[in-house]
Amino acid sequence: MPKPLLSVGELIDQSWDVFRSRMSELLSISGWVLATAILFAIALAFYPTASKLSLGADLTGLETVGVLLFSFTSLVVTPILSFWIYIALTKAVGAHFDHKTVNPKAIMHNVRTLFFPTLLTSVMVILVVLLAIVIGLAPAAVLATLGVLTVFGPFIIIANLLLIAGLFFAVFLSIKWVVYYFMAPYLTMLDGTPAKLALATSRQLIAGRFWAVLIRVVVPKLVFVIFGVFAMSIIAYVVSILIDFSAGLNVDIQLRISTMTTTIVPILIAVLINPLVIISDILLLRSLRS
């Protein structure tokens, strides 16, 4: 008979306790995301003004560098570095629960062996969710195509009805499979479980406890995010006051500072929230296994 799962309150409290006990190590890893904040700050410092972009005016060399650096950071650096940190934080938290030494430098270095296996597992989870969407919408799409090709009105009417039902079914199936396979990447990161087996094991662990797991996956994250949004709003408000008092700054500089704030502050908050989210997930995984 499996033990009852940790309650939502226990997940939140224990996540905070682990975070406090390993704060320096976890922030040493999570803090690497600040590299993207630095790149964004540099890019935005050279970024052309909105009015110049709307007019389609020629960009200077530095403005072009700003645009390219912003795009490169958004599309390449941030996804790769965030995924790298996600794996490193998971290994660090796993080492904590295994009563092993948490060495941030060594963990960040060793992520390279897990990067592609974890990526494969994550991609497979995404494909499963996309399959759920296809299953829900495919009948309506097929019938609508037949209606267009045969110019038969009832097919179009039925296709529209199927589309409405299919949307609800696709959402339901997507959420169900996201929950069932949620733990798969963690199994690959913590145990080296191959992608296919990780998905099967995740489903086996969660089967029969769907709603209990869904609540425990969502609610702690909501609490952490609400805390982050609250902190972010305070910081943004203080910065906006400072900008308003800086009457000597021209409008362009004020807009740049405001844009930097709205871009960089969420990254700073993520440094604190990401470890808590991962700790909560691993606590839940350990509870599912007990």
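Although no hydrogens or angles enter the test, the distance criterion places a donor-acceptor pair under 3.5 Å between the side chain of Glu63 and the main chain of Thr60. Here the side chain of Thr193 pairs no donor or acceptor atom with the backbone of Ala198 at under 3.5 angstrom. Here the side chain of Lys91 pairs no donor or acceptor atom with the backbone of Val111 at under 3.5 angstrom. Panel note: side chain Asn103, backbone Lys105; a donor-acceptor pair is recorded below 3.5 Å. Side-chain N or O atoms of Lys100 include none that pairs as donor or acceptor with a backbone N or O of His96 at under 3.5 Å. In this structure a side-chain-to-backbone donor-acceptor pair under 3.5 Å is present from Ser202 to Tyr180. The backbone N or O of Thr78 sits less than 3.5 Å from a side-chain atom of Ser82, completing a donor-acceptor pair. Panel note: side chain Ser28, backbone Ser24; a donor-acceptor pair is recorded below 3.5 Å. Put simply, the side chain of Arg22 never gets that close to the backbone of Val18: no donor and acceptor are under 3.5 Å apart. Not one N or O on the side chain of Thr188 forms a donor-acceptor pair closer than 3.5 Å with the backbone of Ala195.
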Could you go through Leu11 and Val219, starting from their C-alpha distance and side-chain angles, then the distance that decides it, and tell me whether this counts as side-chain contact (heavy atoms from CB on, under 4.5 Å)? CA-CA 10 Å; Leu11 284 174; Val219 175; over 6 Å; no
Determine, stepwise, if the pair Ser15 / Leu283 fulfils side-chain contact (heavy atoms from CB on, under 4.5 Å). CA-CA 8 Å; Ser15 296; Leu283 281 169; 3.5 Å; yes
Does Thr64 form a side-chain contact (heavy atoms from CB on, under 4.5 Å) with Leu68? I'd like the steps, not just the answer. CA-CA 6 Å; Thr64 301; Leu68 293 175; 3.9 Å; yes
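By the 30° and 60° cut-offs, the orientation of the rings of Phe83 relative to Phe115 is perpendicular.
Comment: Asp281 does not engage Arg286 in a salt bridge, judged by the lack of any side-chain N to carboxylate O separation of less than 4.0 angstrom.
Counted within 6.0 Å of CZ on Phe227, heavy atoms from surrounding residues, nucleotides or ligands total 12 or fewer; the atom is thus considered open. More than 12 heavy atoms of other shown residues, nucleotides or ligands fall within 6.0 angstrom of atom CZ in Phe210. Applying the 6.0 Å contact sphere to CH2 of Trp177 captures more than 12 heavy atoms from other residues, nucleotides or ligands. Phe172 CZ: 12 or fewer foreign heavy atoms inside a 6.0 Å radius. Remark: Gln204 CD is loosely packed, at most 12 non-hydrogen atoms of other residues, nucleotides or ligands lying under 6.0 Å away.
Each ring pair (Phe, Tyr, Trp, His ring centres under 6.0 Å) pair with one or both residues in residues 3-30, not counting sequence neighbours, appears once here: Trp16-Phe19.
In the hydrophobic clustering of this structure, Phe116 groups with Leu199; members are Ile, Leu, Val, Met, Phe, Trp, Tyr whose side-chain heavy atoms approach within less than 4.5 Å, directly or through other members. There is a path of hydrophobic side-chain contacts, each under 4.5 Å, that joins Ile42 to Val265.
Under the 4.5 Å side-chain criterion, counting only non-hydrogen atoms from C-beta, Val213 is in contact with Leu284.
For the pairing with Phe40, the ring pair (Phe, Tyr, Trp, His ring centres under 6.0 Å) check across Phe70, Phe46, Phe72 returns one residue only, Phe70.
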